[in-house]
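Order of appearance sets the numbers: ligands from 1, and atoms from 1 within every ligand.
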Amino acid sequence: MGFKKEFVWGGATASYQVEGAAYEDGKGLNIWDVFCKEPGHVYEGHTGDVACDHYHRYQEDIALMKEMGLQAYRFSLSWARILPDGTGKVNEKGLDFYDRLIDALLENGIEPYVTLYHWDLPYELHKQGGWLNPKSPDWFYEYASIVARHFSDRVKYFFTLNEPQCTVGLGYQTGEHAPGLKVGPYDYFQIWHNVLLAHGRGVDALREHSVKPVKVGIAPCGALYLPASEKPEDIKAANWATFHLMGDQISDVSWDVGFCMDPVFLGQYPEDVLQKFGPYFPKFTDQDMDQIKRPLDFYGQNMYNAVPVRAGEDGSPVRVSRYDGFPKTAIQWPVTPECLYWAPKFLYERYQKPVYITENGMSAHDWVSLDGEVHDPNRIDFNHRYLKELKKAAEDGVDLAGYFAWSVMDNFEWAYGYSERFGLIYVDYRTQERILKDSAYDFREIIRSNGENL
Ligand code: BGC
């Protein structure tokens, strides 16, 4: 018992966070290139201009992935590297880079899992309104078609969007992420609708233009909930909370898993959100909903923590506060391993698709010890605690397809710049030296035993 033998163990990154080479080989600007240069957005003015220089060091990085025993690498493509203006003329050198990367992965026996969009919208498209522009789903279709035609001879697994919740919620509502806007409620729901339509159009593009059959999914995030006890009413309350609006602000909509995923898998916006915010929604048709709900092969979930709830007197979920001194990672996120049990279970029950954990991991303020190694016992402990829970979910019948650690290497952590380290590989940004952390060696043993050592 435990993980099935085809279970995939991998690691993840994203283009803007690792590639660097921001101005090389004909790449166009994206919204993060621009956002980072505007003072005040990113910790100490850090940028992804160089990042981990993965663009030039991908071979060394793949060798390290191999040493870690990774079976799969989830990475995203930079849209503006492939289409500098977002649409129109293709930059062959951009395609060449990903050809080299994919070929090197395959030569090393590592399966590529490609995410089409991890937040780095071409700046030229932003100037045309970005995701607010009703043409944005067509732009995404064009880009996804090029990717499908060019890479599907070698890439079998695709994700359309990474965390649309952050694209909309952080990029357009709180302004913490690029493009740093704080739009009003009408634009907010229009953007959501366009992003979801883009997902569906992206699925079509991948299916229509791939030269070989491909498997397609999406990798959202969202607020996840845990039952505070094993009492059936608490479990029911946590399940309900995962898929319903928990709060009455628009900002709560951004993190409502049901709001983002019911349209994608069930073809409808949830009633509770429509009831509360319906007047702000753009007019949408059954055809739109059909376009959003395109058949998918799997469900990907990025998962770091969850909120405990118990059933109130009428059964509805009530948040349970955490005790003082509750364990937290460096970035101040709570350590809640049980989310890897409950969330896959709830998601599988509702959407009936094999589940990948597309991201999970923790930031620590790692440094190189006097012995030249990077000792990160907390991350080892974190990984074991979380993965034991995931194993329990597998044993309880949840169809689990794989797990991707976030992240393969330390990288540019968005508004936090380089101040947070999520990697299994330590990166010295002064020299670009890489060091496998203790947790990387430990992860290798987990992979080697397919989780039997947990
Ligand atoms: C994102 C990553 C990010 C990680 C840690 C996820 O929200 O997909 O890009 O680095 O979490 O914050």
Novice: In terms of atom number and element, which parts of ligand 1 are under 4.0 angstrom from non-hydrogen atoms of H118?
Specialist: 1 (C), 2 (C), 8 (O), 9 (O)

Novice: With a 4.0 Å cut-off on heavy atoms, is Y416 in contact with ligand 1?
Specialist: no

Novice: Taking the six-membered ring of Y141, is the NZ or CZ of R201 close enough (under 6.0 Å from the centre) and on axis enough (within 45°)?
Specialist: yes

Novice: Does ligand 1 have any atom that is closer than 4.0 Å to a heavy atom of E420?
Specialist: no

Novice: Would you mind finding which of M303, M362, E163, E413 brings a heavy atom closest to atom 7 (O) of ligand 1?
Specialist: E163

Novice: Tell me whether the guanidinium CZ or amine NZ of K392 lies under 6.0 angstrom from the six-membered ring centre of Y341 and within 45° of its axis.
Specialist: yes

Novice: Salt bridge between K93 and E24, side-chain N to carboxylate O under 4.0 Å?
Specialist: no

Novice: Please state which protein non-hydrogen atom is closest to atom 1 (C) of ligand 1 and give its distance, to 0.1 Å?
Specialist: E359 OE1, 3.2 Å

Novice: Out of all atoms in ligand 1, which are within 4.0 Å of some heavy atom of N162? Include the element for each.
Specialist: 8 (O)

Novice: Purely on distance, is any nitrogen or oxygen of N411 under 3.5 Å from one on ligand 1?
Specialist: no

Novice: Tell me whether the rings of Y113 and Y157 are parallel (<30°), tilted (30 to 60°) or perpendicular (>60°).
Specialist: parallel

Novice: Between ligand 1 and W414, is the shortest N or O to N or O distance under 3.5 Å?
Specialist: yes

Novice: Pull out every atom of ligand 1 sitting under 4.0 Å from any heavy atom of N302, numbered as shown with elements.
Specialist: 8 (O)

Novice: Please state which protein non-hydrogen atom is closest to atom 4 (C) of ligand 1 and give its distance, to 0.1 Å?
Specialist: Y304 OH, 3.4 Å

Novice: If you define the side chain from C-beta out and look only at heavy atoms, does anything of R350 sit under 4.5 Å from L266?
Specialist: yes

Novice: Measuring only between side-chain heavy atoms, which start at C-beta, is H365 closer than 4.5 Å to R421?
Specialist: no

Novice: Answer with side chain, backbone, both or neither: which part of I331 has a heavy atom less than 4.0 angstrom from an atom of ligand 1?
Specialist: neither

Novice: When you check the gap from the basic side-chain N to the acidic O, do K276 and D248 get nearer than 4.0 Å?
Specialist: no

Novice: Does W333 have a non-hydrogen atom less than 4.0 Å from ligand 1?
Specialist: yes

Novice: Using the ring of each side chain (for Trp, its six-membered ring), is W240 parallel, tilted or perpendicular to H244, with breaks at 30° and 60°?
Specialist: parallel

Novice: Is the count of non-hydrogen atoms from other residues, nucleotides or ligands lying under 6.0 Å from K353 atom NZ greater than 12?
Specialist: yes

Novice: Could you list the atoms of ligand 1 found under 4.0 angstrom from a heavy atom of F422?
Specialist: 5 (C), 12 (O)

